[in-house]
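No hydrogens, no waters, no symmetry mates; every other heavy atom, side chains included, goes into these values. Residue numbers start at 1 and run along the sequence shown.
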Amino acid sequence: MTTQTTKESPEAAAVPPPGAAPAKKVSQGHRRLLTRRDRLTLGLMAGLPTVLHIALVWVTALASVALAFTTWDGIGFDSIKWVGLENFKELFSNNPQFWPAVQHNVIWFVVLIVIPTPLGLFLAVQLDKRIRFSRVYQTAFFLPVVLSMAVIGFVWQLIYNPDTGLINSLIGANEPGKYIDWIGDPDLNLWAILVAASWRHTGYMMILYLAGLKGVDPSLREASALDGANEWQTFKNVIFPTLRPTNTVVLVVTVIEALRAFDLVFVFNKGAQGTELLSILVTNNIIGESSRIGYGSAIAVVLLLISLVVIIPYLVATFRKERRA
């Protein structure tokens, strides 16, 4: 007995035999469409922040770049006059406050890198050991970051008060003839303000490094311990090299913090008597008595270019890393 196999085409196989019940179609589900109210709500939630961002950030930034090449007193658009590079020439050659402000911004950056950054790393390493009450310590150290810079300025003004301040009371400099004017003395006020800025910046660096330490593979620590390395050798040769991405973020954040420093100085003495900063010069020229909006915009453009020198390489490196991943 021989059997004969027949090969059926897919079309033939799909046709049901006579008398068979038709196959039920598999339900693919219904695509749920957004209602008109949903689309309106979504448009407002996404569109309104976008419009505000473009209007308050991009439009103002581009307007500042354009106004940097003009003179304008802020009264009527017909008073805007094109002057080319005259604002920049005057800024670099005839402004006695510009180069001291640049120097103070550089000092601000160096101090934030040298003092609060290593201190924040040290605190992060200690808290990463899961000591008792680590949550309490973490909250206490991070509390200054939550406070606004204006509030921090008011707090440190009380500490630096020549008569009733904490520092002068501790060192006995609150008596007549022994006063130390921490804010009014041009040789001391910048460093006094930097102490307050470092107090806040330490908590910021601690959180960044603590997040980086949480991402370190525990097997690296175990392998280092098996090799006989002590705690310092493990940190120096194993842990710290893995924090390279965090160190990059810390560097960029510190540069931005140093360039945008304004609130603390303005609360202390409005950027006078040896505490000049680029941001203070921008404010004094744009909303000050002179209302030299074009000249103040030129200073803002210089501040923007300095920021881009650091931000653009960071963004390029980040995008390259994402493409490789």
Side-chain angles (χ1 to χ4, degrees), residues 48-110 112 148-150 153 183 186 189-190 193-194 197 252-316:
L48 187 59
T50 303
V51 171
L52 290 176
H53 176 77
I54 294 175
L56 299 179
V57 178
W58 287 100
V59 173
T60 54
L62 295 176
S64 297
V65 174
L67 290 173
F69 302 94
T70 65
T71 58
W72 186 33
D73 57 3
I75 304 175
F77 293 104
D78 54 348
S79 61
I80 300 177
K81 296 181 181 179
W82 181 268
V83 294
L85 298 175
E86 291 300 322
N87 289 329
F88 295 95
K89 292 179 181 178
E90 181 181 354
L91 178 63
F92 291 119
S93 59
N94 297 327
N95 191 333
Q97 294 180 322
F98 175 71
W99 291 113
V102 174
Q103 181 182 1
H104 294 160
N105 277 106
V106 173
I107 293 175
W108 200 286
F109 167 72
V110 173
L112 292 185
S148 68
M149 296 297 289
I183 306 302
N189 51 18
L190 179 62
I193 296 173
L194 282 171
V252 174
V253 167
T254 305
V255 171
I256 295 175
E257 287 288 326
L259 291 177
R260 74 181 187 93
F262 172 80
D263 314 57
L264 201 59
V265 176
F266 194 81
V267 169
F268 270 95
N269 62 354
K270 298 183 179 180
Q273 300 178 351
T275 58
E276 298 86 356
L277 295 173
L278 291 175
S279 58
I280 297 292
L281 296 184
V282 173
T283 304
N284 290 341
N285 282 277
I286 291 181
I287 65 174
E289 297 179 358
S290 59
S291 295
R292 303 180 62 188
I293 297 180
Y295 190 71
S297 298
I299 304 176
V301 169
V302 173
L303 188 59
L304 174 63
L305 293 176
I306 297 175
S307 303
L308 292 179
V309 169
V310 180
I311 295 174
I312 289 179
Y314 169 73
L315 293 177
V316 171

| task | Kindly indicate, with the supporting measurements, whether the criterion side chain to side chain contact (heavy atoms under 4.5 Å, CB included) is fulfilled by Val316 and Ile312. | result | CA-CA 6 Å; Val316 171; Ile312 289 179; 4.2 Å; yes

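More than 12 heavy atoms of other residues, nucleotides or ligands lie within 6.0 Å of CH2 in Trp82, so this atom counts as buried by the packing criterion.
Heavy atoms only, all atoms of each residue included: Ala66 and Thr70 are closest at O-CG2, 3.8 Å. Annotation for Ala197 and Trp108: closest pair CB-CZ2, 3.7 Å, computed over non-hydrogen atoms. Between His104 and Leu190, the shortest heavy-atom contact is CD2-CD2, 3.7 Å. Smallest separation of non-hydrogen atoms from Val83 and Asn87: CG2-ND2, 3.9 Å. Nearest approach of Ile75 to Asp73, heavy atoms of both residues: N-OD1, 3.1 Å.
Looking only at atom types and distance, the side chain of Asn189 has no donor-acceptor partner in the side chain of Thr275 under 3.5 Å away.
Side-chain contact between Ile306 and Val102 is absent, with no heavy atoms from C-beta onward closer than 4.5 Å. At least one side-chain heavy atom of Leu85 sits less than 4.5 Å from a side-chain heavy atom of Phe69. Proximity of Phe88 to Val301: side-chain heavy atoms (C-beta onward) are separated by under 4.5 Å at one or more points. Using a 4.5 Å heavy-atom cutoff, the side chains of Phe262 and Leu277 are not in contact. Contact check for Ile80 versus Leu67: side-chain heavy atoms found under the 4.5 Å cut-off.
Between Trp99 and Phe92, the angle of the ring planes lies from 30° to 60°, which puts this pair in the tilted group.
We find the CD1-CZ distance between Ile183 and Phe268 to be 4.5 Å, quoted to the nearest 0.5 Å. Put simply, NZ on Lys270 and CG on Asn284 are 9.5 Å apart, with the number rounded to the nearest 0.5 Å. Distance CD/Glu257 to CE/Met149: 7.0 Å, rounded to 0.5 Å. To the nearest 0.5 Å, atoms CH2 (Trp72) and CG (Asp78) are separated by 10.0 Å. Note: Ile286 CD1 to Ser297 OG = 4.5 Å, rounded to the nearest 0.5 Å. We find the OG1-CH2 distance between Thr50 and Trp58 to be 13.0 Å, quoted to the nearest 0.5 Å.
Shown here are the side chain to side chain contact (heavy atoms under 4.5 Å, CB included) partners of Val309, two or more places apart in sequence or in another chain: there are none.
Looking at Asn105, its side chain does come within 3.5 Å of a backbone N or O of Leu278 through a donor-acceptor pair. In this structure, the side chain of Ser279 does not engage the main chain of Arg260 through any donor-acceptor pair within 3.5 Å.
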